[in-house]
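Below is a structure I'd like to ask you about.
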Amino acid sequence: MGHMIRTIIGKTHIIQPIVDGWVYAEMICLPQDYALIFLNDNLFDDIEELVDIENTSNYPHLNYLTDSVICFLKEKSLKGQLLYMETDYFGGYGTQAGVIFENGEMKGEPMDGDGTVNRLLGLLGVRKHLQKDEFDSLKLYKYRRMD
């Protein structure tokens with residue numbers, strides 16, 4: 001089974017104002033008072049058009065983390081932590097990468113590789129439930145596609 005997503009995850013009170021301000025942003029509520037927004041093609045295009053910064057970033061493991069998206073996430077992280085992540089899996093093989101934004105800054109360099117999503121979710125404050133990792137504790141397995 002495949003799994004390909006580009007998401008922004010944060011506490012619900014941080015995600016809600018983003019959704020309120022962007023036509024193509026739809027909030028999905030998660031456990032532990034977290035929420036996610038898919039960075040779908042329409043939202044990505046709107047951010048690129050409205051922020052309109054020439055792309056000079058070079059994160060080959062994060063295809064949609066352009067300078068415009070980075071600027072957008074820095075601004076939105078002034079109110080609280082946000083996690084940006086991309087995953088692309090098919091048949092159990094694939095990639096995962098992401099980075100946390102906090103206080104208007106990218107918190108370290110983006111990470112990639114096995115276990116990245118769970119490490120970043122842990123840094124975001126997600127609590128693991130008994131015999132589950134952070135990914136499963138937020139029930140992110142329900143969201144294998146952005147459509």
Side-chain angles (χ1 to χ4, degrees), residues 1-90 93-127 133-147:
M1 182 171 285
H3 182 255
M4 183 178 89
I5 57 173
R6 301 181 305 266
T7 62
I8 301 164
I9 298 175
K11 287 293 194 175
T12 303
H13 72 278
I14 306 300
I15 296 293
Q16 187 65 59
I18 299 171
V19 171
D20 292 343
W22 292 80
V23 173
Y24 294 109
E26 182 178 330
M27 184 170 73
I28 297 172
C29 294
L30 301 170
Q32 301 181 34
D33 195 32
Y34 285 94
L36 73 78
I37 301 169
F38 287 119
L39 184 64
N40 58 40
D41 291 339
N42 290 328
L43 179 56
F44 176 78
D45 290 344
D46 278 359
I47 292 169
E48 287 293 305
E49 182 178 331
L50 292 171
V51 177
D52 194 26
I53 296 175
E54 181 180 348
N55 189 34
T56 58
S57 68
N58 187 22
Y59 301 112
H61 47 286
L62 288 162
N63 297 319
Y64 290 84
L65 190 62
T66 62
D67 286 328
S68 293
V69 172
I70 290 169
C71 182
F72 170 80
L73 290 169
K74 283 181 174 182
E75 177 191 335
K76 300 306 178 187
S77 75
L78 289 170
K79 297 188 190 263
Q81 284 186 318
L82 291 171
L83 165 60
Y84 174 76
M85 70 175 193
E86 295 180 18
T87 63
D88 189 1
Y89 279 89
F90 186 78
Y93 299 98
T95 61
Q96 54 182 278
V99 64
I100 290 185
F101 290 83
E102 182 176 20
N103 296 320
E105 296 297 326
M106 194 182 306
K107 194 172 175 182
E109 286 294 307
M111 300 180 198
D112 67 325
D114 290 343
T116 293
V117 169
N118 282 322
R119 278 194 306 275
L120 290 169
L121 289 170
L123 290 172
L124 195 65
V126 173
R127 296 178 318 278
D133 60 16
E134 291 87 348
F135 185 89
D136 287 340
S137 295
L138 282 190
K139 299 184 180 182
L140 292 173
Y141 54 81
K142 292 181 173 184
Y143 308 102
R144 298 195 177 274
R145 300 196 64 78
M146 295 187 300
D147 48 4

Please check if the number of heavy atoms outside Asp20 that lie under 6.0 Å from its CG is greater than 12. yes

Which heavy atom in Asn63 sits nearest to a heavy atom in Pro60, and how many Å separate them?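 The answer is OD1-O, 3.3 Å.
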
Supply the atom-to-atom distance Leu30 CG to Leu140 CG, rounded to the nearest 0.5 angstrom.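 So the CG of Leu30 and the CG of Leu140 are separated by 5.5 Å.
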
Any side-chain donor near an acceptor of the partner, Thr12 and Asp33, under 3.5 Å: yes

Please round to the nearest 0.5 Å and tell me the distance separating atom CG of Leu138 and atom CG of Leu124. 8.0 Å

Is the backbone N or O of Val126 less than 3.5 Å from a side-chain atom of Glu134, with the two atoms forming a donor-acceptor pair by type?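 No: the side chain of Glu134 does not pair with the backbone of Val126.
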
Donor-acceptor contact present, side-chain Thr7 to main-chain Phe38, <3.5 Å: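 Here the side-chain-to-backbone pair does not exist.
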
For Asp67, what residues pass the side chain to side chain donor-acceptor pair (under 3.5 Å) criterion, not counting sequence neighbours? Thr56

Any heavy-atom pair between the side chains of His61 and Thr116 that's under 4.5 Å?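 Result no, sub-4.5 Å side-chain heavy-atom pair not found.
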
Verify the distance criterion only: is there a donor paired with an acceptor across the side chains of Glu48 and Thr66 at less than 3.5 Å?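 A pair is found: one side chain offers a donor N or O, the other an acceptor, under 3.5 Å apart.
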
Given 3.5 Å as the limit, does a donor-acceptor pair link the side chain of Glu102 with the main chain of Lys107, or not?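 A pair under 3.5 Å: no.
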
In short, ring-ring contact (aromatic ring centres under 6.0 Å, His included) pairs touching residues 9-34 with sequence neighbours left out are Trp22-Phe72

Can you tell if the side chain of Gln96 reaches within under 4.5 Å of the side chain of Met85, non-hydrogen atoms only? no

Separation of Ile15 CD1 from Ile28 CD1 (nearest 0.5 Å):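 So the CD1 of Ile28 and the CD1 of Ile15 are separated by 11.0 Å.
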
Determine whether more than 12 heavy atoms belonging to other residues, nucleotides or ligands lie under 6.0 Å from atom NZ of Lys79. no

Atom pair CG/CD of Leu78 and Glu105 - distance to nearest 0.5 Å: 8.5 Å

To the nearest 0.5 Å, what is the distance between CG on Asn40 and OH on Tyr64?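 Here the rounded value is 10.5 Å.
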
So which atom in Asp114 and which in Arg119 form the shortest heavy-atom distance, rounded to 0.1 Å?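 Looks like O-NH1, 3.4 Å.
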
I'd like to know whether Asp133 forms a side chain to side chain contact (heavy atoms under 4.5 Å, CB included) with Leu121, so could you lay out the CA-CA distance, the side-chain angles of the two residues, the decisive distance to 0.1 Å, and finally the verdict. CA-CA 10 Å; Asp133 60 16; Leu121 289 170; over 6 Å; no

Which heavy atom of Ser77 sits nearest to which heavy atom of Gly104, and what is that distance?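 Here Ser77 and Gly104 meet closest at OG-N, 3.0 Å.
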
Side chain to side chain contact (heavy atoms under 4.5 Å, CB included) test vs Leu43 passes for just one of Val23, Ile37, Ile18, namely Ile37

Within a strict 4.5 Å, meaning less than it, do heavy atoms of the Phe135 and Thr87 side chains meet? no

Report yes if the side chains of Ile5 and Leu36 come closer than 4.5 Å at any heavy-atom pair, otherwise no.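 Of all side-chain heavy-atom pairs linking Leu36 with Ile5, none is under 4.5 Å.
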
What distance do Phe101 atom CZ and Leu83 atom CG have between them, rounded to the nearest 0.5 Å? 9.5 Å

Taking the side chain as every heavy atom from C-beta outward, state whether Leu65 and Leu73 have any atom pair closer than 4.5 Å. yes

Set of side chain to side chain contact (heavy atoms under 4.5 Å, CB included) partners for Leu123, sequence neighbours left out: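 Checked Leu123 against side chain to side chain contact (heavy atoms under 4.5 Å, CB included); matches are Ile100, Met111, Leu120.
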
Closest heavy-atom pair and its distance - Glu86, Arg6: CG-CG, 3.8 Å

Please report the closest heavy-atom contact between Pro110 and Leu62, naming both atoms and the distance.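 Result for this residue pair: CB-CD1, 3.4 Å.
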
Closer than 3.5 angstrom, by distance alone: can the side chain of Asn55 be matched with the main-chain N or O of Ser68 as a donor-acceptor pair? no

Please examine the side chains of Leu39 and Ile47, heavy atoms only from C-beta on, and report whether any two atoms are closer than 4.5 Å. yes

